[in-house]
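Report on the following structure.
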Amino acid sequence: MSTTMSSTISFSIGTLINKPNSNFTLRSSFLGPPPKLHLKTTSSKVTMSVEAGIGLMATKLGMMSFFEADGKVVPVTVVGFKEGNIVTQVKTQATDGYDAVQVGYRRVRDRKLTKPEMGHLEKAGAIPMRHLQEFRLQSVEGFEANQKLVLEELFKEGDLVDVSGTTIGKGFQGGIKRHHFKRGLMTHGSKSHRALGSIGAGTTPGRVYKGKKMPGRMGGTKRKIRKLRIVKIDKELNVVMIKGALPGKPGNLLRITPAKIVGLNIPKN
């Protein structure tokens, strides 16, 4: 077996010496074809998710029970709207490289903002607002600076919405509260009650796997809940009732957008 490989290599070298400019290949059962190089081109362009439509920012007020017309009791979250939801900037493909609408929410005093923030809002002719968020859209036609977004024009009762916000921060918690682990025996001489237990993986690999469920900081992260139904819109109180629970505690900032339904309001690609 070694003789066959050596003769093949020597013949190829001899061919190279006699004909320096000729192309040659090593033909042997031990040497396969040269590997193909697959080059992956990486683009520096940042891609962001496109919303199904323009949305609003709101404030969580709390939860209650709502009685529907047929007598069914529905748990709802009451969401209120303070002064704001005004278009502060319209970004286009020509000026910024993508289409988006920047919206401001919740009026504050001038001294609460920095001079660059005040200059940005004065350029749009808007009032001082604390929160600024972008809604990336497929088209920004019909939007202009200092345009006020009205709840009744964007949503109606029965619509499905996606609501995102910051969850309640619970600080540093153990495995039982954070990951719903079971505790050990409290009697019969057990000395392991709420301890995590073994976390190692033995000699191989001799380390703790990444992503291991362990004690750590719980809550205080961004969370989106999709496809929630709008039960009631009260124009007099300027509140909307959404079925189910929403992230955060009362007073938390929420972002409400039309629910994404592939093939209906967003393309399949």
Side-chain angles (χ1 to χ4, degrees), residues 40-60 79-108 113-166 221-230 233 238 240 242 246-248 252-269:
K40 295 182 179 180
T41 58
T42 58
S43 177
S44 59
K45 184 178 179 180
V46 179
T47 59
M48 296 178 290
S49 60
V50 179
E51 299 290 352
I54 190 67
L56 299 172
M57 283 180 283
T59 304
K60 179 177 179 179
V79 178
F81 297 89
K82 298 185 178 181
E83 193 171 6
N85 281 317
I86 300 175
V87 177
T88 57
Q89 186 180 5
V90 179
K91 296 187 176 182
T92 60
Q93 191 74 27
T95 57
D96 299 275
Y98 63 97
D99 297 329
V101 176
Q102 186 187 82
V103 180
Y105 176 69
R106 194 170 180 179
R107 182 169 186 171
V108 292
L113 302 178
T114 62
K115 289 185 177 180
E117 292 173 340
M118 285 296 301
H120 175 71
L121 295 174
E122 289 176 356
K123 182 178 179 181
I127 60 177
M129 289 173 288
R130 181 182 299 275
H131 305 288
L132 295 177
Q133 290 192 11
E134 285 186 1
F135 297 88
R136 187 177 182 186
L137 307 175
Q138 299 178 7
S139 176
V140 294
E141 295 182 0
F143 295 99
E144 58 183 7
N146 203 20
Q147 175 184 351
K148 186 174 180 59
L149 302 177
V150 184
L151 171 65
E152 294 78 10
E153 298 177 357
L154 301 179
F155 301 102
K156 63 179 182 297
E157 296 180 1
D159 288 350
L160 298 179
V161 294
D162 294 342
V163 183
S164 60
T166 304
T221 58
K222 185 178 180 180
R223 183 67 55 86
K224 176 184 285 188
I225 304 179
R226 303 190 64 242
K227 297 183 179 180
L228 298 177
R229 180 170 59 91
I230 295 179
I233 297 179
N238 197 22
V240 59
I242 302 176
L246 303 182
N252 187 38
L253 177 69
L254 298 176
R255 175 188 173 107
I256 304 175
T257 57
K260 293 182 179 181
I261 303 177
V262 178
L264 182 61
N265 51 20
I266 59 173
K268 294 183 178 181
N269 57 352

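All values derive from a computational prediction rather than experimental measurement.
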Taking [X] for the side chain and [Y] for the main chain, is one N or O donor matched with an acceptor at less than 3.5 Å?
| X | Y | value |
| --- | --- | --- |
| Asp96 | Lys91 | no |
| Asp162 | Lys227 | yes |
| Asp159 | Pro258 | no |
| Lys148 | Gly84 | yes |
| Thr88 | Gln102 | yes |

What are the two closest non-hydrogen atoms of [X] and [Y], and how far apart are they?
| X | Y | result |
| --- | --- | --- |
| Arg106 | His131 | CB-CD2, 4.1 Å |
| Ile256 | Phe135 | O-CE2, 4.5 Å |
| Arg136 | Asp99 | CG-O, 3.1 Å |
| Glu51 | Leu137 | CB-CD2, 4.2 Å |

Any side-chain donor near an acceptor of the partner, Lys82 and Tyr105, under 3.5 Å: no
Over 12 foreign heavy atoms within 6.0 Å of CZ, Arg226: yes
Glu141 atom CD: more than 12 heavy-atom contacts under 6.0 Å: no
